[in-house]
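Please read the structure below before turning to the comments.
Just so it is clear, the values below take in all heavy atoms, side chains as well, and ignore hydrogens, waters and symmetry mates.
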Amino acid sequence: MKKQQGRLTPNLLAMSIATIAWGTLHASACAQTAGAPADGIQEVIVTAQRTAAPESKTPVALSVLTAKDLDTIGIDQPGALAARLPNTYLENSYDGLRITIRGVSNADVTEKGDPSAAFMVDGVYVARPQSQNVALYDVDRVEVLRGPQGTLYGRNTTAGVVNVITKAPVNRFEGDVNAAVGNWGERKVGAMVNVPVNDVLALRAAAAWNEHDSYLKNGTNTPRGLGLDRADRAARLSAKLALGPRASLLVRYEASRDNSNNDSTVPDSNFYNGIAAGSPVWNGDATDRQLTNRFNPPNTRFEQGYSHKKTSSLSAELNWDLGPATLSWLGAHRSFDHDYLYNFYYRVAPTIALGVRQPFAGNYNQDSHELRLATNGAGPFSAQGGVYWFRERARDTYYFRDLQAVRLPPYYVFGNDPVEARSKAVFGQATVRLADGLRATAGVRYTEDDKSRIGYIGYQRAATYNAATDLRELNAGSISTDKTTWRLGLDYDLLPSTLVYGSIATGYKAGGFNDGCAAGDAKNGIGCPAASALPAASLTYQPETVRAYEAGIKTRFWERRASLNVAVFHYDYRNLQLSNEVVVNGRPRYETTNAGAASIRGLEADGQVLATSADRVTYALTLLDAHYVDYTPDGVHSWSGVKLDRTPARTLSLGWEHRLHLAGGTLAGGVGTRASASYLLNVPQAGLTYRVPGHTESDLHLGWEPDGARWSVLARVRNLENEVRPMTISSAGLAVPTEPRTADVRFDYRF
């Protein structure tokens, strides 16, 4: 592979941070003499460090989207968040939510896989990517932490954390109903009501219903409907109980159903030519053609695909103020059931593709508990520490049909029961004031992870196993890993409205195992044939680790009418976990391997300017160099210097919002755009690199609210350019397109 050019140099990073810092400090110093008006940039209180603090005083790279931000842009699923987040991609692939932060991601979304970025709802870790792209409704804010968070959040946070925080009950009566209609058959309804029952109990109920038609077109002259549609509904009931003057209990129960179609892919040839020759080149087809699936399999007839998801969760959070410290407990149980039928485009040779049907049925249950003690007050010393416990148990059965052309039986079956993951940890972090405005932070966490699976791979003549004609071989593995992660940091109030900080942090993602078995192993009467056995080096993969160096500045200036957040970072990755479909002994398997090393470094700058009392400008700039340092995926060809997936060298986001009082009401409108340089989507096992060309993506919104009225109306357009790109591409050639242009009108009534 060719070495990629255009890297950021250490000198460029140093010059960039120095130039920006000098300019903002000069502006900040001038602004201190003028005083800050009360109508400056509103501070957002976040819990990124597990305690409430202003965002501008939190010494980590952090983005926050408030409820107003989400509604204005029209974000009601996590997969739509990334358009407003620096160096962050959240993509709802056919097999679950893929999160990439600063070039770090993971593609193993099977029952044995783990993400590189933790997705959380109200502080509760959600393990399965298939259940992460939930409806966002009655949300207070979304906090996205970039960089390893191994001390306070634990394992599987080498890339960062996405934490969705829903609204809790409050001691006042309020309610809201909303409805939206748009193109592609979009229709949405939402409602919320908050009731203070008495002085000690408040209840809050919220619900959402969302639908739109498929963005894909069937070009095969068959009646089959395709995916990239939406059909989900969800409801949440929350109760907050005051247990005396110093303690409170917050309980949330949520249930959701999602009946969207899982057939949400097209062949990669919809976007690229030259795939058979091993050199994919962007074809520049029109959007309609890129969204049209024209593949008619030569070996089978596809069925109507479907996906049925059922999720429920119960969480409880207890906070008890003991005076000098607060004791907190957060416990949760989540259940997720998933049944689907998927129709695969499966490339078995450079010029040959087969059709594969895959039915799937799975059940996942997870439980977690965290007990934490944190000091109170604003003294020279603060600390927090606790213990954490997590368990997930899964079982699933799925099979692949129509692979007889590659000498597999009519039913190639995988059955797993149980698959278990257990994690326990102890952690602590303390901050001490060294001098006026200067603070030092040190944190450490020790984590133990145990994973195991008992299952089989079946070679069957029919869907039901027949011992007389069918064969089964063991598909089992187990691994135990542990790691101590730590964080050291300094932060300093350079000016009352300017914070500078630096940190060194480590992160860890647990190791795991691949499909297969070890020679001589046997469980549940199923053995491991010698011809199918895998060596230990192939059966398991090692933990992924990172050491991250970061420095930043957060400042408010021009009488707090402008803000700037800057972060520069450098990561050293070891054993980066990469996953894809491979063929082992002539049989398709899903395999995760460790890349030897990767290097990531970059710069992020974002903020906003209140240009006038009616105008707000937002901006974000990123520079990024993320590449493999030591990686030979096929044992022959080095990928040293090749860029990691979804790592454009530059992105620039700009937005403008204007408010106008007119005819007894407020007219508010805005436009935003994000320009991205090109980036790669790689399939290392096949030696393929797909370059996604540079592009822009823009949106518009226009809202009207009469003075003193309880209602408002908002019109939104997303992806004005109406251009689509592949979000993900698998080794089999499956490409998931991004969304085309969408538009809707939303009506709100508050009471």
How would you list, by chain and number, every residue that makes a salt bridge (charged side-chain N to carboxylate O under 4.0 Å, His left out) with [X], sequence neighbours excluded?
X: Arg347; value: Asp268
X: Arg146; value: Glu604
X: Arg393; value: Glu420
X: Lys217; value: Asp288

Can you tell me if [X] uses its side chain to pair, donor with acceptor, with the backbone of [Y] under 3.5 Å?
X: Ser214; Y: Leu226; value: yes
X: Lys523; Y: Leu474; value: no
X: Gln149; Y: Gly147; value: yes
X: Thr287; Y: Asn722; value: yes
X: Asn299; Y: Leu354; value: no
X: Asn343; Y: Gly355; value: no
X: Gln366; Y: Ala127; value: yes
X: Ser260; Y: Ala231; value: yes
X: His212; Y: Asn210; value: no
X: Arg646; Y: Thr88; value: no

*Walk me through it: do Asp402 and Arg357 pass the test salt bridge (Lys or Arg N to Asp or Glu O under 4.0 Å)?*
CA-CA 7 Å; Asp402 314 307; Arg357 291 170 288 171; 2.7 Å; yes

Does the pair [X]/[Y] count as a salt bridge with the N-to-O cut at 4.0 Å?
X: Arg128; Y: Asp95; result: no
X: Arg674; Y: Asp699; result: no
X: Arg391; Y: Asp367; result: yes

*asked:* Centre-to-centre under 6.0 Å for Tyr679 and Tyr89, is that the case here?
replied: yes

_Quick check on the 6.0 Å ring-centre criterion: do Tyr412 and Tyr459 meet it?_
yes

Is the shortest heavy-atom distance from the side chain of [X] to the side chain of [Y] under 4.5 Å?
X: Lys310; Y: Asn259; result: no
X: Pro129; Y: Arg98; result: no
X: Ile275; Y: Pro350; result: no
X: Glu392; Y: Glu111; result: no
X: Asn575; Y: Tyr541; result: no
X: Leu145; Y: Tyr153; result: yes
X: Asn283; Y: Gln290; result: yes
X: Ser423; Y: Thr447; result: yes

Not counting sequence neighbours, which residues clear ring-ring contact (aromatic ring centres under 6.0 Å, His included) with [X]? List them please.
X: Tyr508; value: none
X: Tyr399; value: Tyr411
X: Phe295; value: Tyr345

_Applying side-chain contact (heavy atoms from CB on, under 4.5 Å), can you list everything that pairs with Tyr306, at least two apart in sequence or on another chain?_
His308, Leu341

*Count the heavy atoms of every other residue, nucleotide or ligand shown that sit under 6.0 Å from CZ of Arg725, and state whether that count exceeds 12.*
yes

*With a cut-off of 6.0 Å (strictly less than), are more than 12 heavy atoms of other residues, nucleotides or ligands near CZ of Arg301?*
no

_Stepwise side chain to side chain contact (heavy atoms under 4.5 Å, CB included) check, Asn87 with Ile101_ = CA-CA 6 Å; Asn87 275 331; Ile101 301 177; 5.7 Å; no

_In terms of relative ring orientation, are Tyr364 and Phe360 parallel, tilted or perpendicular, with 30° and 60° separating the classes?_
parallel

*Parallel, tilted or perpendicular, as decided by the 30° and 60° cut-offs, for the rings of Phe400 and Tyr398*: perpendicular

*Decide side chain to side chain donor-acceptor pair (under 3.5 Å) for Ser116 and Lys509; before the verdict, give the C-alpha distance in whole Å, the side-chain angles of both, and the deciding distance to 0.1 Å.*
CA-CA 7 Å; Ser116 295; Lys509 185 168 76 166; 3.0 Å; yes

*Qualifying ring pair (Phe, Tyr, Trp, His ring centres under 6.0 Å) pairs, either residue in residues 106-127, two or more places apart*: Tyr125-Phe390

_Tyr571 versus Thr158, side-chain donor and acceptor atoms under 3.5 Å_ = no

List the residues meeting side-chain hydrogen bond (donor to acceptor under 3.5 Å, both in side chains) with [X], not counting sequence neighbours, and say none if there are none.
X: Arg230; value: Asp76, Asp232
X: Ser678; value: Arg691
X: Thr110; value: Asp108

_Could you walk me through whether Arg224 and Asp263 satisfy the side chain to side chain contact (heavy atoms under 4.5 Å, CB included) test, starting with their C-alpha distance in whole Å, then the side-chain angles of each, then the deciding distance to 0.1 Å, before giving a yes or no?_
CA-CA 10 Å; Arg224 183 169 64 99; Asp263 280 351; 3.1 Å; yes

*Could you go step by step and tell me if Ser93 and Thr728 meet the side chain to side chain donor-acceptor pair (under 3.5 Å) rule?*
CA-CA 7 Å; Ser93 185; Thr728 61; 3.1 Å; yes

*With Lys643 as reference, evaluate Thr689, Asn682, Leu680 under the side-chain contact (heavy atoms from CB on, under 4.5 Å) test and give the passing residue.*
Leu680

*Honestly, is Arg472 close enough over Tyr465, meaning NZ or CZ under 6.0 Å from the six-membered ring centre and within 45° of the axis?*
yes

*Taking it one step at a time, do Glu739 and Arg718 satisfy salt bridge (Lys or Arg N to Asp or Glu O under 4.0 Å)?*
CA-CA 9 Å; Glu739 294 184 359; Arg718 293 167 293 276; 5.4 Å; no

*Stepwise salt bridge (Lys or Arg N to Asp or Glu O under 4.0 Å) check, Asp515 with Arg453*: CA-CA 10 Å; Asp515 292 330; Arg453 175 180 62 189; 3.2 Å; yes

